[in-house]
Amino acid sequence: LNDRLIMLRSVSGLALARPRGLRRSVQRPNRLQTRFLASNESKSSENDNVAELLIDASKLKSRQDHTHEIDGTNKSKRTPLVDQLISMIRIRGPLTVASFMRQCLTHPQYGYYMRRDVFGRGGDFITSPEISQMFGELLGIWTVSLWRDLGCPKPFRLVELGPGRGTLTADLLKVAKKFREFNAAISIHFVEVSPTLRDIQASKLGLKYPEHKPRTSSGGDKHVLLPNDSGSRGVRVQRSLEQVGDFSDLLEDVQLKTSDGIEVYWHQRIQDVPAGPSAIIAQEFFDALPVHQFEFTKDGWRERLVDLDPTPSGPHWFRYTLAPSASFASTSFLKNISSDRRFKVGDTIEVSPDAMATAQIIGNRLARHGGAAVIIDYGENGAPAFSLRAIKDHKFVDIFQEPGDADLSVNVDFAAIKNSAKQSLSKGPYGNPLDNGVIARGPITQ
């Protein structure tokens, strides 16, 4: 930037290289601040012990002008998240579809799942557990059978990913109560990032969820750990909730106990669930995980991006655009596509690294500790074409219509989930993936 600072973007964040000829300061700064400068703004710092990253964006080349105000007279509702996304695009440029989805669904303040009950007739959609208690009860019978096949281990962990209102697990426990030894062996583990839904899930099990507390340092401030040059330690940076953006791990893990003695836990990630034999249920969970979208052009695969729509006639604040060249995502995520599949210009494909990573974690957990997982979702046994859709008031709407106020969903690639679940976290001597011994069956229709 401005021929002074080299900025390397990666999937995990930013790598900053200091300009040649500048000495590294001997004194470690207490804080790291980042701000963007106008071309005529002073670059002085008020505090000598603050390392301030000054980014002059005024001389970026080939940069689309996003600084002017967009005429919103004829555009759709300007939700609070719209303003956040506009700011992100003006600073960073077009977003990947995956980043757009993540912001829409789990932004800490304005994300769709973070603020209200979205299920049932009064919400935007109805899921199978809300239609009939038989759905959860049948899965309850399955978990009891699995537990017996495993030799009746104790403890036995029942894990649900994205449990919604908690209806499925509540119905499952109705079956558990019929089997005294099983009931005494189990603990419930909800993997949930929404504070609102955590409250609802606890209430469904007859519990009162405690006051929500963010993950904190010993000093009580919200922090994000930024790695230093060596990657082994880091500098803690205070960030407000609005600044967090993609960081959704803001809630502490919580443990409660039901009236009949079953321990119930809430976790941010499946990695936080304690080790041990498990029954893992993912009911309409994978369809909400972000996807990258790609289109085949005469020059090869190009990633689909979300940009601002500055035209007065455009109905929404955002529109799709194609990356002008190959992106990191297109070269990385599509390298294993079958070479015998013939693509023509205009063909599209969706890939979810989040789904594959989650499936691999599940598979390796089962390989090491025993158990089984059942994944129930809308999808295909292969990589789908563009399938991203928005749902509001039980109807399909344009995904750009009301970001943050509508659900986003995609078709799940069951083939990718199966392949990922069977891959060990360890690599072979030549970096090749190893099989972890997990057996994957299906998919079958409902």
Side-chain angles (χ1 to χ4, degrees), residues 113 117 119 129 133 135-216 248-283 285 358 361-362 364-376:
Y113 287 114
D117 182 3
F119 302 91
Q133 68 186 47
F135 191 86
E137 290 175 349
L138 287 170
L139 285 171
I141 294 172
W142 171 74
T143 57
V144 173
S145 175
L146 171 64
W147 175 70
R148 287 178 171 174
D149 289 343
L150 293 172
C152 303
K154 185 177 181 179
F156 184 60
R157 311 194 189 283
L158 301 183
V159 184
E160 186 176 0
L161 309 183
R165 284 177 169 172
T167 303
L168 188 155
T169 293
D171 291 336
L172 185 153
L173 290 178
K174 294 175 184 177
V175 173
K177 292 179 180 179
K178 306 292 185 182
F179 302 89
R180 184 176 304 175
E181 293 182 358
F182 176 74
N183 200 58
I186 63 174
S187 59
I188 304 298
H189 298 264
F190 288 139
V191 178
E192 179 60 73
V193 300
S194 167
T196 300
L197 292 179
R198 285 189 177 196
D199 289 337
I200 296 172
Q201 293 152 10
S203 178
K204 195 73 174 180
L205 299 182
L207 303 171
K208 173 68 175 177
Y209 196 91
E211 179 183 357
H212 293 285
K213 296 181 180 179
R215 293 179 186 264
T216 62
S248 59
D249 55 338
L250 299 175
L251 298 177
E252 294 280 6
D253 287 4
V254 168
Q255 174 188 355
L256 299 176
K257 185 177 288 188
T258 66
S259 57
D260 52 353
I262 298 176
E263 292 182 338
V264 183
Y265 300 82
W266 280 265
H267 309 281
Q268 286 286 135
R269 311 171 305 162
I270 188 172
Q271 298 96 309
D272 299 328
V273 178
S278 307
I280 301 173
I281 300 173
Q283 146 66 17
F285 168 78
T358 302
I361 292 169
I362 291 173
N364 282 271
R365 178 187 178 90
L366 299 178
R368 176 172 296 184
H369 304 293
V374 59
I375 298 169
I376 304 166

[atom1] of [X] to [atom2] of [Y]: how many Å apart, nearest 0.5 Å?
{"X": "Leu139", "Y": "Leu146", "atom1": "CG", "atom2": "CG", "result": "11.5 Å"}
{"X": "Ile186", "Y": "Glu181", "atom1": "CD1", "atom2": "CD", "result": "13.0 Å"}
{"X": "Lys257", "Y": "Ile188", "atom1": "NZ", "atom2": "CD1", "result": "13.5 Å"}
{"X": "Trp142", "Y": "Ile281", "atom1": "CH2", "atom2": "CD1", "result": "6.0 Å"}
{"X": "Tyr209", "Y": "Arg198", "atom1": "OH", "atom2": "CZ", "result": "4.0 Å"}
{"X": "Ile262", "Y": "Leu207", "atom1": "CD1", "atom2": "CG", "result": "10.0 Å"}

Would Phe285 and Thr358 satisfy side-chain contact (heavy atoms from CB on, under 4.5 Å), going step by step from the backbone distance to the final call?
CA-CA 11 Å; Phe285 168 78; Thr358 302; 4.1 Å; yes
Answer yes or no: is there a donor N or O on one side and an acceptor on the other, between the side chain of [X] and the main chain of [Y], under 3.5 Å?
{"X": "Ser194", "Y": "Glu192", "answer": "no"}
{"X": "Arg157", "Y": "Ala275", "answer": "yes"}
{"X": "Gln268", "Y": "Asp253", "answer": "no"}
{"X": "Thr143", "Y": "Gly140", "answer": "yes"}

Tell me whether the rings of Phe182 and Trp147 are parallel (<30°), tilted (30 to 60°) or perpendicular (>60°).
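If you compare the ring of Phe182 with that of Trp147, the planes turn out perpendicular.
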Any idea how Tyr265 and His189 line up, ring-wise: parallel (<30°), tilted (30 to 60°), or perpendicular (>60°)?
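Because their plane-to-plane angle is under 30°, the rings of Tyr265 and His189 count as parallel.
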Considering all heavy atoms, the nearest [X]-[Y] contact:
{"X": "Arg365", "Y": "Ile270", "value": "NH1-O, 4.3 Å"}
{"X": "Phe135", "Y": "Pro129", "value": "CD2-CG, 3.9 Å"}
{"X": "Ala185", "Y": "Pro153", "value": "CB-O, 3.7 Å"}
{"X": "Gln133", "Y": "Asp171", "value": "CA-OD2, 3.4 Å"}
{"X": "Pro163", "Y": "Val191", "value": "CD-O, 3.5 Å"}
{"X": "Thr167", "Y": "Lys204", "value": "OG1-CE, 3.5 Å"}

Close side-chain approach of [X] to [Y], heavy-atom, < 4.5 Å:
{"X": "Trp266", "Y": "Leu251", "answer": "no"}
{"X": "Tyr113", "Y": "Val193", "answer": "no"}
{"X": "Val273", "Y": "Ile280", "answer": "no"}

Would you find more than 12 non-hydrogen atoms of other residues, nucleotides or ligands less than 6.0 Å from Lys178 atom NZ?
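Check fails, neighbour count at 12 or below.
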For Thr169 and Val264, run side-chain contact (heavy atoms from CB on, under 4.5 Å): C-alpha distance rounded to whole Å, both residues' side-chain angles, the deciding distance at 0.1 Å, then the answer.
CA-CA 11 Å; Thr169 293; Val264 183; over 6 Å; no
